[in-house]
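Have a look at the structure below before the remarks.
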Amino acid sequence: PPVQGHPLLIVDRPGSVQTSFRFGGTALPRDHHDYPALQLANLAFGGYFSSRWVENIRENKGYSYSPRSYIDHAWLGSTVEIVADVATEVTAPAVLETFYELGRIASLPITATELDSVQQYAVGSLALATATQSGLASQLSVLLSVGLGADWLMEHPARLLKVTADEVAEAAAGYLAPRRLVGVAVGDAGSIIEPLSAIVEVE
């Protein structure tokens with residue numbers, strides 16, 4: 001079902017020195033014609049070490065050691081998930097920067113350099129994942145379980161390389177815009193509710 005707008009849910013863990021926050025929403029299945037663009041949009045946002053979000057809240061500001069975003073494919077549907085653990089005192093700034101990067105990726109096309117980087121990363125990662133017999137067997141077993149097969153695996157790199165920056169922007173606007181996501185933050189409510197409520201509706 002479509003994601004319904006909802007305030008950021010605060011789950012109280014009194015005395016916690018860290019906040020775990022998660023944002024999620026619907027995504028596209030592997031066989032959708034727009035999936036390669038969404039895959040690249042997610043990578044550019046937070047799906048690998050050189051992504052915008054990781055560079056922002058890890059490298060530049062030191063808010064989180066291992067923020068990451070990924071697309072998860074389940075039997076009944078696919079989801080995008082945005083994950084970070086931060087110190088209690090920087091919860092609100094980290095969420096603010098997350099919204100900033102989500103808004104930026106959803107409203108401005110990525111650069112030609114970024115597009116080339118995420119395309120090469122996606123193609124290279126798939127090649128590495130299928131470089132061994134066991135890796136290839138694992139990849140194919142997952143694909144076969146949803147009605148896809150070796151053809152999808154062989155043709156996907158070409159699909160990735162055909163994606164344009166405008167297509168990445170369109171996919172990001174459709175699935176990574178903050179209004180299309182719901183979120184939860186687990187931490188010391190007494191410390192995080194007030195600063196978070198200054199930037200987002202909380203519950």
Side-chain angles (χ1 to χ4, degrees), residues 1-4 22-54 66-84 98 101-102 104-184:
V3 172
Q4 302 295 321
R22 308 287 188 265
F23 292 96
T26 57
L28 296 170
R30 294 181 184 89
D31 58 350
H32 194 284
H33 60 86
D34 290 332
Y35 174 69
L38 180 59
Q39 182 184 357
L40 297 179
N42 174 69
L43 284 172
F45 165 73
Y48 76 130
F49 191 77
S50 297
S51 63
R52 292 178 174 186
W53 186 48
V54 174
S66 57
R68 65 193 185 281
S69 66
Y70 56 93
I71 298 173
D72 186 42
H73 299 286
W75 180 255
L76 293 180
S78 300
T79 55
V80 59
E81 301 181 30
I82 296 164
V83 175
T98 301
E101 294 296 352
L102 285 167
R104 192 161 71 101
I105 198 75
S107 59
L108 295 172
I110 63 175
T111 66
T113 299
E114 286 179 300
L115 178 60
D116 181 67
S117 294
V118 293
Q119 285 173 325
Q120 296 305 320
Y121 181 86
V123 171
S125 297
L126 186 59
L128 285 174
T130 57
T132 64
Q133 282 183 253
S134 60
L136 180 58
S138 295
Q139 290 288 320
L140 287 173
S141 67
V142 170
L143 292 173
L144 289 169
S145 72
V146 294
L148 303 176
D151 287 348
W152 185 94
L153 201 60
M154 291 186 292
E155 295 165 3
H156 193 55
R159 287 191 291 266
L160 290 166
L161 295 175
K162 289 179 181 177
V163 174
T164 67
D166 287 341
E167 289 171 335
V168 171
E170 185 176 347
Y175 295 91
L176 296 179
R179 71 183 183 280
R180 297 188 178 275
L181 305 172
V182 294
V184 59

As a quick check of understanding, evaluate side-chain contact (heavy atoms from CB on, under 4.5 Å) for Phe45 and Ser69, giving each step before the final call. CA-CA 8 Å; Phe45 165 73; Ser69 66; 3.5 Å; yes
Evaluate side-chain contact (heavy atoms from CB on, under 4.5 Å) for Val168 paired with Val118, printing each intermediate quantity in order. CA-CA 11 Å; Val168 171; Val118 293; 6.0 Å; no
Could you please spell out the steps behind the side-chain contact (heavy atoms from CB on, under 4.5 Å) verdict for Gln120 and Leu161? CA-CA 8 Å; Gln120 296 305 320; Leu161 295 175; 4.1 Å; yes
Determine whether Ile71 and Tyr175 satisfy the following criterion, side-chain contact (heavy atoms from CB on, under 4.5 Å), listing intermediate values before the conclusion. CA-CA 11 Å; Ile71 298 173; Tyr175 295 91; over 6 Å; no
Please evaluate residues Ser134 and Thr132 with respect to the criterion side-chain hydrogen bond (donor to acceptor under 3.5 Å, both in side chains), reporting the C-alpha separation (whole Å), side-chain torsions for both, the decisive distance (0.1 Å), and the verdict. CA-CA 5 Å; Ser134 60; Thr132 64; 3.3 Å; yes
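The distance from atom OG of Ser117 to atom CG of Leu43, rounded to the nearest 0.5 Å, is 10.5 Å. Rounding to the nearest 0.5 angstrom, the gap separating the CG atom in Leu176 from the CZ atom in Phe23 is 13.0 Å. Taken from CG in Leu28 to CG in Leu38, the straight-line distance is 5.0 Å, to the nearest 0.5 Å. Within the model, atoms CD of Gln39 and CG of Leu126 stand 8.0 Å from one another, a figure rounded to the nearest 0.5 Å. Taking CG from Leu160 and CD from Glu155, the interatomic distance works out to 12.0 Å, rounded to the nearest 0.5 Å. Summarising the geometry, atom NE2 belonging to His156 is positioned 11.5 Å from atom OG1 belonging to Thr130; distances are rounded to the nearest 0.5 Å.
Counting heavy atoms from C-beta on, the side chains of Leu136 and Leu153 come closer than 4.5 Å. Looking at Asp31 and Leu148, their side chains come closer than 4.5 Å, going by heavy atoms from C-beta outward. For the pair Tyr70/Ile82, no side-chain contact is recorded, criterion being any heavy-atom separation below 4.5 Å from C-beta on.
In plain terms, the two heavy atoms of Ala106 and Ala173 that are nearest each other are O-CB, 3.3 Å. Between Leu181 and Gly25, the shortest heavy-atom contact is CD2-N, 3.7 Å. Residues Glu167 and Ala37 approach most closely at O-CB, 3.6 Å, considering heavy atoms. Contact record, Pro29 with Ser78: CA-OG, 3.5 Å, taken as the closest heavy-atom pair. Between Ala165 and Pro109, the shortest heavy-atom distance links the atoms O-CB, 4.2 Å. Summarising the geometry of Val163 relative to Pro36, their closest heavy-atom pair is CG2-CB, 3.7 Å, with the distance given to 0.1 Å.
Side-chain atoms of Trp53 and Thr98 include a donor-acceptor pair closer than 3.5 Å.
In this structure, Arg68 contributes its side chain and Glu81 its backbone to no donor-acceptor pair below 3.5 Å. At least one donor-acceptor pair under 3.5 Å links the side chain of Ser145 to the backbone N or O of Val142. Judged by distance alone, with hydrogens and angles left aside, the side-chain atoms of Arg22 form a donor-acceptor pair with the main-chain N or O of Ala84 at under 3.5 Å. Side-chain N or O atoms of Trp152 include one that pairs as donor or acceptor with a backbone N or O of Arg30 at under 3.5 Å.
Between Tyr48 and Tyr121, the ring planes are tilted. Angles from 30° to 60° get that label.
Counting non-hydrogen atoms of neighbouring residues, nucleotides and ligands closer than 6.0 angstrom, the CD atom of Glu170 reaches no more than 12 such neighbours. No more than 12 heavy-atom neighbours from other residues, nucleotides or ligands sit within 6.0 angstrom of CD on Gln133.
Contact check on Arg52 versus Glu114 returns a salt bridge, with a Lys/Arg side-chain nitrogen under 4.0 Å from an Asp/Glu carboxylate oxygen.
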